[in-house]
Novice: 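The structure is given below, and queries will be raised subsequently.
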Amino acid sequence: NVMPVATFDAGTTEWELARLMDRDPNIKWWVRVYVGGQAFIPTPEGRYFPDFIALDTNGVFWLIEGKADRSANDADVLRKKETAETWARQVRDDEEDYGDWHYMFATESAIRAAGSWVALKVVTDPE
């Protein structure tokens, strides 16, 4: 983590993602994104705050959302996911070259099954 301290709302998703990123040599840095902070994606309903932003050792920036299995298919969650995927695609394709951005949506089952960053990318098949 680039910050000395981070807090988490969900142990099976946010905390486990943070632990996975902390331990994996393929993650250069990560930061927890907090609701109400300055990093967000505008949506028609307001603002979407993904759980994390990370940079991997290949120079790829990641927006990462961890979600409980029971709420992964909620309409609001799916709208935010689609908005974030679109945002990442637009930023990635922008002529200003803001870098290679992708969105990862990781359920607690996917996080539990993965165990590493490389495996998590395979399991989640991110945008």
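The chain is numbered in sequence order, starting from 1. No hydrogens, no waters, no symmetry mates; every other heavy atom, side chains included, goes into these values.
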Novice: Could you see if Val122 belongs to whatever hydrophobic cluster contains Leu120? Use Ile, Leu, Val, Met, Phe, Trp, Tyr and a side-chain cutoff under 4.5 Å.
Specialist: no
Novice: Tell me, do Glu14 and Arg32 make a side-chain contact under 4.5 Å, heavy atoms counted?
Specialist: yes
Novice: Show, in sequence, the C-alpha distance, side-chain angles and deciding distance for Met104 and Leu63, and conclude whether the side-chain contact (heavy atoms from CB on, under 4.5 Å) test is met.
Specialist: CA-CA 6 Å; Met104 176 185 286; Leu63 298 173; over 6 Å; no
Novice: Is it possible for you to say whether Trp15 and Val123 belong to one hydrophobic cluster, with membership spreading through side-chain heavy-atom contacts below 4.5 Å?
Specialist: no
Novice: Got a donor-acceptor contact below 3.5 angstrom from the Glu108 side chain to the Asp69 backbone?
Specialist: yes
Novice: Has Trp101 got a side-chain atom pairing as donor or acceptor with Tyr98's backbone, closer than 3.5 angstrom?
Specialist: yes
Novice: Got a salt bridge between Lys80 and Asp76, using NZ or NE/NH1/NH2 to carboxylate O under 4.0 Å?
Specialist: yes
Novice: Are a donor atom and an acceptor atom from the side chains of Glu65 and Tyr103 found within less than 3.5 Å of each other?
Specialist: no
Novice: Looking at side-chain heavy atoms only, is the closest gap between Thr13 and Ile111 below 4.5 Å?
Specialist: yes
Novice: Set out, in order, the CA-CA distance, both residues' side-chain angles and the distance that settles side-chain contact (heavy atoms from CB on, under 4.5 Å) for Val118 and Asn26, then state yes or no.
Specialist: CA-CA 8 Å; Val118 171; Asn26 295 294; 3.7 Å; yes
Novice: For the side chain of Ser71 and the backbone of Asp74, is there at least one donor-acceptor N/O pair under 3.5 Å apart?
Specialist: no
Novice: Considering residues at least two apart in sequence or located in another chain, which fulfil the side-chain hydrogen bond (donor to acceptor under 3.5 Å, both in side chains) criterion with Trp62?
Specialist: Asp56
Novice: Restricting to non-hydrogen atoms, name the atom on Lys121 and the atom on Pro126 that form the minimum distance, rounded to 0.1 Å.
Specialist: O-CD, 3.1 Å
Novice: On the ring face of Phe105, is Lys81 found with NZ or CZ under 6.0 Å from the centre and within 45° of the axis?
Specialist: yes
Novice: Do side-chain atoms of Asp94 reach the backbone of Glu96 as a donor and acceptor pair under 3.5 angstrom?
Specialist: yes
Novice: Specify the closest pair of heavy atoms between Ala110 and Thr124, including all atoms of both residues, with the distance to one decimal.
Specialist: CB-CG2, 4.1 Å
Novice: Please report the closest heavy-atom contact between Ala72 and Lys67, naming both atoms and the distance.
Specialist: CA-CG, 3.9 Å
Novice: So which atom in Ala114 and which in Ala119 form the shortest heavy-atom distance, rounded to 0.1 Å?
Specialist: O-CB, 3.4 Å
Novice: Do you reckon Ile64 sits in the same ILVMFWY cluster as Leu78, going by side-chain contacts under 4.5 Å, direct or chained?
Specialist: no
Novice: Is it the case that one hydrophobic cluster holds both Ile53 and Val91, taking links as side-chain heavy atoms less than 4.5 Å apart, direct or via other members?
Specialist: yes
Novice: Which heavy-atom pair separates Leu17 from Ala106 by the least distance, and what is that distance?
Specialist: CD2-CB, 4.4 Å
Novice: Take Asp22 and Trp30, measure what side-chain contact (heavy atoms from CB on, under 4.5 Å) needs, and give me the verdict at the end.
Specialist: CA-CA 8 Å; Asp22 262 349; Trp30 62 269; 2.9 Å; yes
Novice: Any salt bridge linking Arg79 with Glu82? Criterion: basic side-chain nitrogen under 4.0 Å from a carboxylate oxygen.
Specialist: no
Novice: Short question: side chain of Asp24, backbone of Trp117 - any donor-acceptor pair under 3.5 Å?
Specialist: yes
Novice: Which pairs would a plain distance check flag for residues 38-47, meaning a side-chain donor or acceptor within less than 3.5 Å of a matching protein atom at least two apart in sequence or in another chain?
Specialist:
{"from": "Thr43", "atom 1": "OG1", "to": "Glu45", "atom 2": "N", "distance (Å)": "3.3"}
{"from": "Thr43", "atom 1": "OG1", "to": "Gly46", "atom 2": "N", "distance (Å)": "3.0"}
{"from": "Thr43", "atom 1": "OG1", "to": "Gly46", "atom 2": "O", "distance (Å)": "3.3"}

